[in-house]
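Values below: all heavy atoms of this structure, side chains included; hydrogens, waters and symmetry mates excluded. Source: prediction; values computed, not measured.
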Amino acid sequence: MDLFDSDKEQRISDLTLLIKKYQDSYYNGEAEISDAEFDSLWDELKKLDPKNAILKKVGADSGNFQKTRHRMPMGSQEKAANGDEFLKWAKNHDYEEYLVEYKLDGASLELQYDGGDFVRAVTRGDGTIGDDISQNARKMSGVLPALFDSDGKKIDFTGAVRGEVIMTKAVHAQFYATKANCRNAANGIMKRKDGKGAENLRLIVYDALSTNQNSFFSDEEEKIDWLKSCGFNTVPLVIKKNAQEVIEYREEIDKKRVSLEYDIDGLVIKERKINMEDAWRNRPDRQIAFKFSLEKATTILREVEWSESGATYTPVGIFDSVQLNGTTVSRASLANPDTIRNLNLKIGSRIVVVKRGEIIPKIEEAQDGDGEMHDVDFPKTCETCGAMLVDEGTRLFCPNEHCSKRVLHRIQKWISVVDIRDFGDTLVRSLFADKKINSILDIYSLSQNDFVPYFLNEESISDGKDSLGAKKVYDSIHARKRLSLATFVAGFDIEGVGETVVQKLVDAGFDTLEKLFDATADDFLNVKGFAQIMANTVVDGLSENRAEMEKLVFEKIIEIETVQKKDNAIFGKSFCFTGELKSMKRADAESLVKENGGSCKSSVTKDLSFLVTNDKNSGSAKNEKAKKYKIPIIDENDFLALLKGKM
């Protein structure tokens, strides 16, 4: 499903927060979702925002163990989710042969050896420093206390061996069936402070690095053979001559992986040559994780619920619970009425459910069920105001602009978009319930005293106490009364119309409220990125909200910033801010850019005009990329000088 720009920005923000949350829980031993679910979130963010900073980061360990630096790189891998993505990678990595290993579904661990003796075991951590869990690792199967050759002679190996801590399916079923899957159980146990259960874990290794100049292997195949000769459990390795053979092997393993004694979630593809320069990168380029196909499950649709958000009613399918990627699911968003129609979905249909990038799974296919089937009932009237709902196919909604549910949602959206700080949702709902606010206009009619009863009790009010909370809310409201045209329009909760969408219209010449009101849908169709549905949506939304918009502006409650002359130093330029600013908050700096006809980006791209940072010599990814693309890096003082036209 294509996302409007405003929805895309929100989804990127949601995905970034979710990935950080799940990374933290994973590396602290309490993983909340399966690897496959995490990968789907990762892949979706990579598609929406490939330069997002979090895609370059590895997680962080807990504080339960002593921190230790790795001896070998423990970065993340590039991923291919399907054959087309793998072929695209292989086109740029045309090896004479491809070495293919299982991608183990466990937790990474580095074993460190000095002179052939085991000295410590370190978790992946942030890719550079991890937790020393040696006391737990010594109990695991496959962790060798010393390295000997076939003649029983100590091997003078100083360096590191990397592997994956796994739990077999049999052990999981016997002792840890209450855990969602083998990986979750293994990851939690390996980091227990008391080490209980570590004897039920197994280490399987696939990498090694000598740090004392001794050479034990010359390529990746010899490396696996050497590890095996030392007595380690190793991953199976096969050699394929071309990319198509790799794809066929993946299909073969995908079919039989259910019968393996431990979980794998894909294959790792490498070249024969050991490339240490590539290995030291956060995300090595010369190898790739080729993930298995999305897991599917077949079940029966039992009912459809309709979720309400503002004016829109969204269908949600409820079905018999199934296991997908280690989690139990029983609900899936159906997006809109047309999805139900296009799938020919009925209550009682046999459905195919797939876990994709969304947190809620997706219903991909519907077939006739074995029992009684009947049509999905669509709501006909708004549960709040009783108005007849409008079914546009891509959207089912209440058309009554005075519907209290719609009005409340519009007020909430305005406060969020305009960024009225300290005006929390609980306070908004209370004021709305008490009929103190029933429109955006009403927000600006409230006095400071109107807020006091929501912060102080009657006794405090009668004692004449001042309310700091009431003052903060009042001041916040009146601190944000000068807005860009894009922010102003986006605040009116027009379906799918965010600041980015409106800014496209502004950049195309519809740069005043009057020009927007006067435009037709056909006029908007000439703007890049606008199709008929979006053009109609904007025209209808402007018409519906016109009276309130005009009153806010004509009565000078809100001042819309005029587009600056093109001869100022900011106009038409794009800025990316990174790091902390001293004289203002980043949001305020971005507002200044927009006020002067510039634009802001969240990442460094080739067409960026300026990167603004107070640490020009930082080795951050944004700084390095700006240097690579020869983008000017300026500090806060330079930025302020630009604003004043002095640079």
Under 4.5 Å between any side-chain heavy atoms of Leu552 and Phe488, yes or no? yes
Note, Val268 side chain near Val100 side chain (heavy atom, < 4.5 Å): no
Salt bridge or not for Arg272 and Glu220, using N-O below 4.0 Å? no
When rounded to the nearest 0.5 angstrom, what is the spacing between NE2 in His70 and CZ in Arg124? 9.0 Å
Quick one: do the Tyr206 and Arg162 side chains pair a donor with an acceptor below 3.5 Å? yes
Glu495 versus Thr312, side-chain donor and acceptor atoms under 3.5 Å: yes
Taking every heavy atom of Ala160 against every heavy atom of Met72, the minimum-distance pair comes out as CB-SD, 3.8 Å
Presence of salt bridge, Asp588 and Arg586, under 4.0 angstrom: no
Of all heavy-atom pairs between Gly509 and Lys515, which one has the smallest distance, and what is that distance? O-CD, 3.3 Å
Examine distances only and state if a side-chain atom of Ser416 and a backbone atom of Gln412 form a donor-acceptor pair shorter than 3.5 Å. no
Under the criterion salt bridge (Lys or Arg N to Asp or Glu O under 4.0 Å), I'd like the reasoning laid out for Asp219 against Lys273: C-alpha separation, chi angles, the key distance, then a yes or no. CA-CA 5 Å; Asp219 62 35; Lys273 175 186 174 183; over 6 Å; no
Charged tip of Arg546 within 45° of Phe517 ring normal and under 6.0 Å: yes
Classify the angle between the aromatic ring planes of Phe290 and Phe86 as parallel (below 30°), tilted (30 to 60°) or perpendicular (above 60°). parallel
Evaluate Asp419 against Arg421 for salt bridge (Lys or Arg N to Asp or Glu O under 4.0 Å), listing each step before the verdict. CA-CA 6 Å; Asp419 191 24; Arg421 300 162 193 173; 3.0 Å; yes
Minimum heavy-atom separation for Lys601 to Leu608, with atom names? CD-CD1, 3.7 Å
Can you check side-chain contact (heavy atoms from CB on, under 4.5 Å) on Lys191 and Thr123, steps first, answer last? CA-CA 9 Å; Lys191 294 186 180 180; Thr123 63; 3.9 Å; yes
Using only atom types and a distance under 3.5 Å, with no angle test, would you say the side chain of Asn614 pairs donor to acceptor with the backbone of Glu580? yes
Can you confirm whether Lys481 is buried at NZ, in the sense that more than 12 heavy atoms of other residues, nucleotides or ligands lie under 6.0 Å from that atom? yes
Asp94 side chain vs Lys91 backbone, donor-acceptor pair below 3.5 Å: no
Contact summary for Gln287 and Glu78, nearest pair of heavy atoms: O-CB, 4.3 Å
Between the side chains of Thr487 and Glu499, is a donor N or O closer than 3.5 angstrom to an acceptor N or O? yes
How many angstroms lie between CD1 in Ile634 and CG in Leu611, if you round to the nearest 0.5 Å? 8.5 Å
Where do Lys585 and Ser591 land on the side-chain contact (heavy atoms from CB on, under 4.5 Å) test, with the steps shown first? CA-CA 10 Å; Lys585 294 182 178 179; Ser591 294; over 6 Å; no
Spatial distance of atom CG (Leu513) from atom CD1 (Ile560) [nearest 0.5 Å]: 4.5 Å
Do Arg395 side-chain atoms and Thr314 backbone N/O form a donor-acceptor pair below 3.5 Å? no
Within the distance-only criterion (no hydrogens, no angle test), does the side chain of Asn623 pair as donor or acceptor with the backbone N or O of Lys616 below 3.5 angstrom? yes
More than 12 foreign heavy atoms under 6.0 Å from CG of Asp607: is that the case here? yes
Reported CD1-to-OH distance for the pair Ile288 and Tyr98, which is rounded to 0.5 angstrom: 10.5 Å
If you count the non-hydrogen atoms of other residues, nucleotides and ligands that lie under 6.0 Å from NZ in Lys88, is the total more than 12? no
Is the closest side-chain heavy-atom distance between Leu45 and Thr16 below 4.5 Å? yes
How long is the straight-line distance from CG of Leu209 back to OG1 of Thr211, given to the nearest 0.5 Å? 6.5 Å
Lys362 side chain near Ser333 side chain, heavy-atom distance below 4.5 Å: no
Hey, what's the ring geometry for Phe577 with Phe575, parallel, tilted or perpendicular (30° and 60° as the breaks)? parallel
Arg250 (side chain) donor-acceptor with Lys291 (main chain) under 3.5 angstrom: yes
Under the 3.5 angstrom rule, does the side chain of Glu548 hit a backbone N or O of Ile440 as a donor-acceptor pair? yes
Is any side-chain heavy atom of Arg71 closer than 4.5 Å to one of Gln112? yes
Write down the atom of Met584, the atom of Glu636, and the distance for their closest heavy-atom approach. N-OE2, 4.0 Å
Closest non-hydrogen contact found for Ser476 with Asp422 is OG-OD2, 2.9 Å
Pairwise side-chain contact, Val538 with Phe530, heavy-atom cut-off 4.5 Å (strictly under): yes
Check this for me, if you would: do Asp475 and Lys471 make a salt bridge, where the nitrogen-to-carboxylate-oxygen distance has to be below 4.0 angstrom? yes
Rounding to 0.5 Å, atoms NZ (Lys270) and CD (Glu101) come to a distance of 4.0 Å
Any Val497 side-chain heavy atom under 4.5 Å of Met534 side chain: yes
Would you mind reporting whether Asp49 and Ser603 have side-chain heavy atoms less than 4.5 Å apart? yes
Is the side chain of Trp89 donor-acceptor paired with the backbone N or O of Asp285 at a distance under 3.5 Å, no angle test? yes
Take Val593 and Phe639 through the test side-chain contact (heavy atoms from CB on, under 4.5 Å) and record every step on the way to the result. CA-CA 10 Å; Val593 170; Phe639 170 68; 3.6 Å; yes
Step-by-step side-chain contact (heavy atoms from CB on, under 4.5 Å) determination, Leu441 to Met549: CA-CA 9 Å; Leu441 271 164; Met549 286 180 171; over 6 Å; no
Going through the checks in order, is the side chain to side chain donor-acceptor pair (under 3.5 Å) test met by Asp522 and Thr520? CA-CA 5 Å; Asp522 287 341; Thr520 65; 5.0 Å; no
Is a salt bridge present between Lys67 and Asp131, judged by a nitrogen-to-oxygen distance below 4.0 Å? yes
